[in-house]
Amino acid sequence: MLNKYARAFFTRVLTPFAAFLIRRGVSPDTVTLIGTAGVVAGALVFYPRGEFFWGTVVITLFVFSDLVDGNMARQLGRSSRWGAFLDSTLDRVADGAIFGGFALWYAGGGNDNVLCAVSIFCLASGQVVSYTKARGESIGLPVAVNGLVERAERLVVSLVAAGLAGLHAFGVPGVRYLLPVALWIVAVGSLVTLVQRVVTVRRESAEAEAEAADRQRAQDSETAT
Ligand SMILES: CCCCCCCC/C=C\CCCCCCCC(=O)OC[C@H](COP(=O)(O)O[C@@H]1[C@H](O)[C@H](OP(=O)(O)O)[C@@H](O)[C@H](O)[C@H]1O)OC(=O)CCCCCCC/C=C\CCCCCCCC
Ligand SMILES: Nc1ccn([C@@H]2O[C@H](COP(=O)(O)O)[C@@H](O)[C@H]2O)c(=O)n1
Ligand SMILES: [Mg+2]
Ligand SMILES: [Mg+2]
């Protein structure tokens, strides 16, 4: 949903910044790499220590690079297969660091095995959700579904909750529980999304096999006559 409705807004807002980077001779690949490094550093330096506010501030500064790199590539007329591959692959690395950071906190100082398991589930299910689309498309299916919780939703829900939960360290009461709630929402939402995508791939694959069988039958009867 965010991908559909918020992307146009962020494209408008970020286009001048993307143009500025282009004028400074920065390449889209550099933005992809630096953005990912920043997200990974923010997540793995701060989250395992329970410093959710500062971790989220650092991640937020870098995560928008994922919208800037594609914007730059499009302005340059240089959107490439390599760029698409690099962008998607490093998205998986960034997501792994964010949910891995939560898992490390709950396995250590946060001392909560259930939330550690939920964080690991968010990490794994998010990767599998993205994989379903990539694999479905690689075998020639349209995978015409995005589902309930795409990457943008996973990130916004977890990061907003982590940023607010981090305010607990500054004495704000009642905000600590936002992160556990967000993790449960992302976990359940990712599971629903996974089912939506698997069901779609199953249907599209059956339709494609039936079409191929029809074509073969038509060809066979043509050859026979
Ligand atoms: C006092 C308060 C303290 C709070 C501290 C700060 C809080 C700030 C908190 C959060 C901000 C979070 C912003 C997160 C923005 C994420 C943007 C982003 O990177 O989205 C990426 C997404 C997907 O891009 P791609 O097409 O490159 O990726 C594809 C995708 O990964 C596919 O995965 P799948 O979906 O299938 O699982 C892959 O299949 C594919 O391979 C891959 O290429 O981009 C978008 O979707 C575009 C829309 C972005 C919308 C961003 C909305 C941000 C909204 C609000 C943020 C501000 C909120 C501030 C609230 C503050 C509250 C206190
Ligand atoms: N280094 C890069 C990064 C991205 N691209 C192209 O942009 C598309 C992704 O757009 P986003 O707005 O989601 O970043 C991607 O599929 C590539 O076509 C690129 O060329 N080089
Ligand atoms: Mg990108
Ligand atoms: Mg991306």
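Keep in mind it's a predicted model, so treat the numbers as computed, not measured. When a ligand or atom number is given, it counts from 1 through the structure's own listing order. As a basis for the values below, the full set of heavy atoms in this structure was taken, side chains included, without hydrogen atoms, waters or symmetry mates.
Between Arg74 and ligand 2 there is a heavy-atom distance shorter than 4.0 Å. Taking a 4.0 Å cut-off on heavy atoms, Arg7 registers as neighbouring ligand 2.
Of the options Ala152, Ser88, Ala73, Gly35, the smallest heavy-atom separation from atom 5 (N) of ligand 2 is shown by Ala73.
Residues Val45 and Phe52 fall within the same hydrophobic cluster, defined by Ile, Leu, Val, Met, Phe, Trp and Tyr side chains chained together at heavy-atom separations under 4.5 Å.
Under 4.0 Å is where a charged nitrogen must lie from a carboxylate oxygen, and between Asp214 and Arg217 at least one such pair does. Contact check on Glu150 versus Arg154 returns no salt bridge, with no Lys/Arg side-chain nitrogen under 4.0 Å from an Asp/Glu carboxylate oxygen.
Shortest distance from the Mg ion (ligand 4) to Asp91 is reached at OD2 (N/O/S atoms only). Among heteroatoms of the N, O or S kind in Asp87, OD1 lies nearest the Mg ion (ligand 4).
Counting only N and O atoms by type, the side chains of Ser130 and Arg92 include a donor and acceptor under 3.5 Å apart.
For ligand 2, the atoms sitting less than 4.0 Å from at least one non-hydrogen atom of Asp69 are 3 (C), 14 (O), numbered in the order shown with element in parentheses. Atoms of ligand 2 found under 4.0 Å from any heavy atom of Thr32, numbered from 1 in the order shown, are 1 (N), 2 (C), 3 (C). Remark: ligand 2 atoms within the under-4.0 Å shell around heavy atoms of Ser79 are 18 (O), 20 (O). Close approach to Ala84 involves these atoms of ligand 2, each under 4.0 Å from a residue heavy atom: 15 (C), 16 (O), 17 (C). Every atom of ligand 2 with a heavy atom of Asp29 under 4.0 Å away is listed here by number and element: 1 (N), 2 (C), 21 (N). The contact set between ligand 2 and Arg78, taken as ligand atoms under 4.0 Å from a residue heavy atom, comprises 20 (O).
Every side chain to side chain contact (heavy atoms under 4.5 Å, CB included) that Gln219 has, sequence neighbours left out, goes to Gln216. Evaluation of the side chain to side chain contact (heavy atoms under 4.5 Å, CB included) rule for Val198 yields Thr132, Leu194 as partners, not counting sequence neighbours.
The nearest pair of heavy atoms linking Glu153 to Leu2 is OE2-N, 2.9 Å.
A parallel orientation is assigned to the rings of Phe20 and Phe17, their planes being inclined by less than 30° (bins at 30° and 60°).
The Mg ion (ligand 4) has no N, O or S atom of Asp69 under 2.8 Å away, backbone or side chain.
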